[in-house]
Amino acid sequence: MQPFTQNVINVIRNIPEGRVMTYGQIARVAGSPRAARQVVRVLHSMSKKHHLPWHRVVNSKGQISIKEDDSYHEQLLSLESEGIEVGKDGSIDLGKYQYFPE
DNA sequence: AACATGACGGACA
DNA sequence: GTGTCCGCCATGT
């Protein structure tokens, strides 16, 4: 496994409840600014093995990036249960909920 | 090795 | 705001 992948997992694990981070942001924090797509890949492989708050990850527009299927619904409910306001189109106010790690 | 894929992002019309 | 195009980079076939 690439060290970057491990970093991504750590970053995601550190997102506080009630906050979100974007794919690109996670990629930057993990050390590879343009690896947003690898973050996506990590989420895919991790959702099966690791216990991570993947639902706190949204795209740069502050929206849920999944098709309106089961996973989408799961993410929506998870976010709302943490107190995050999610628009009907899956939009979130990043200025209000985005988390910036130190 | 070549080509396709993806829960992305930024630039531009 | 919407749609198109192109860059990114690990994986899968």
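Numbered from 1 within each chain, the chains take letters A, B, ... in sequence-line order. Values in this document were obtained by computation on a predicted structure and should not be read as measured data.
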Inset, instruction - Give, ordered by number, those residues of residues 69-95 of chain A having at least one heavy-atom distance below 4.0 Å to an atom of DNA chain B; if nothing qualifies, reply none. - result: none
Legend entry - Contacting residues from residues 57-65 of chain A, given that a heavy atom lies under 4.0 angstrom of DNA chain B: A/N59, A/S60, A/S65
State, with a plain yes or no, whether a side-chain heavy atom of [X] is found less than 4.5 Å away from one of [Y].
X: A/P101; Y: A/M21; result: yes
X: A/L52; Y: A/V42; result: no
X: A/I92; Y: A/E85; result: no

Legend entry - Non-neighbouring partners of A/D93 that pass side chain to side chain contact (heavy atoms under 4.5 Å, CB included), sequence neighbours left out: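 A/D93 satisfies side chain to side chain contact (heavy atoms under 4.5 Å, CB included) with A/K96, A/Y97 only.
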Legend entry - For A/S81, side chain to side chain contact (heavy atoms under 4.5 Å, CB included) partners two or more places apart: none
With sequence neighbours left out, write down each residue that passes side chain to side chain donor-acceptor pair (under 3.5 Å) with [X], or none if nothing qualifies.
X: A/S91; result: A/D89
X: A/N59; result: A/S65
X: A/R19; result: none

Inset, instruction - Scan residues 52-75 of chain A for pairs that pass salt bridge (charged side-chain N to carboxylate O under 4.0 Å, His left out), counting only residues two or more places apart or in two chains. - result: A/R56-A/E82
Could you pull out the protein-nucleic contacts involving nucleotides 10-13 of chain C (nitrogen or oxygen on both sides, under 3.5 Å)?
{"unit_1": "C/dA10", "atom_1": "N3", "unit_2": "A/R41", "atom_2": "NE", "d": "3.3"}
{"unit_1": "C/dA10", "atom_1": "N3", "unit_2": "A/R41", "atom_2": "NH2", "d": "3.4"}
{"unit_1": "C/dT11", "atom_1": "O4'", "unit_2": "A/R41", "atom_2": "NH1", "d": "3.2"}

So which protein N/O to nucleotides 5-7 of chain C N/O distances come out below 3.5 Å?
{"unit_1": "C/dG7", "atom_1": "O6", "unit_2": "A/R37", "atom_2": "NH1", "d": "3.0"}

Inset, instruction - Go through the steps to decide whether A/V20 and A/V57 satisfy the test side chain to side chain contact (heavy atoms under 4.5 Å, CB included), and finish with yes or no. - result: CA-CA 6 Å; A/V20 299; A/V57 183; over 6 Å; no
Inset, instruction - Hey, could you give me the CG/CD distance between A/N7 and A/Q2, rounded to the nearest 0.5 Å? - result: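 Spacing of CG (A/N7) from CD (A/Q2) equals 11.0 Å.
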Legend entry - From A/I66 atom CD1 to A/W54 atom CH2, the distance as rounded to the nearest 0.5 Å: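 A/I66 atom CD1 to A/W54 atom CH2 measures 5.0 Å (nearest 0.5 Å).
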Inset, instruction - Verify the neighbour count for atom NE2 of A/H73: are there more than 12 heavy atoms of other residues, nucleotides or ligands below 6.0 Å? - result: no
Please tabulate, one pair per line, all N/O donor-acceptor pairs under 3.5 Å involving side-chain atoms of residues 25-41 of chain A, not counting sequence neighbours.
{"unit_1": "A/Q25", "atom_1": "OE1", "unit_2": "A/T22", "atom_2": "N", "d": "3.4"}
{"unit_1": "A/Q25", "atom_1": "OE1", "unit_2": "A/Q98", "atom_2": "NE2", "d": "2.7"}
{"unit_1": "A/Q25", "atom_1": "NE2", "unit_2": "A/Y99", "atom_2": "O", "d": "2.8"}

Legend entry - Where chain A begins and ends its contact with DNA chain B, read 5' to 3' at 4.0 Å from heavy atoms: B/dT5 to B/dG10
Inset, instruction - Please step through side chain to side chain contact (heavy atoms under 4.5 Å, CB included) for the pair A/I84 and A/V86, ending with a clear verdict. - result: CA-CA 6 Å; A/I84 296 178; A/V86 184; 4.2 Å; yes
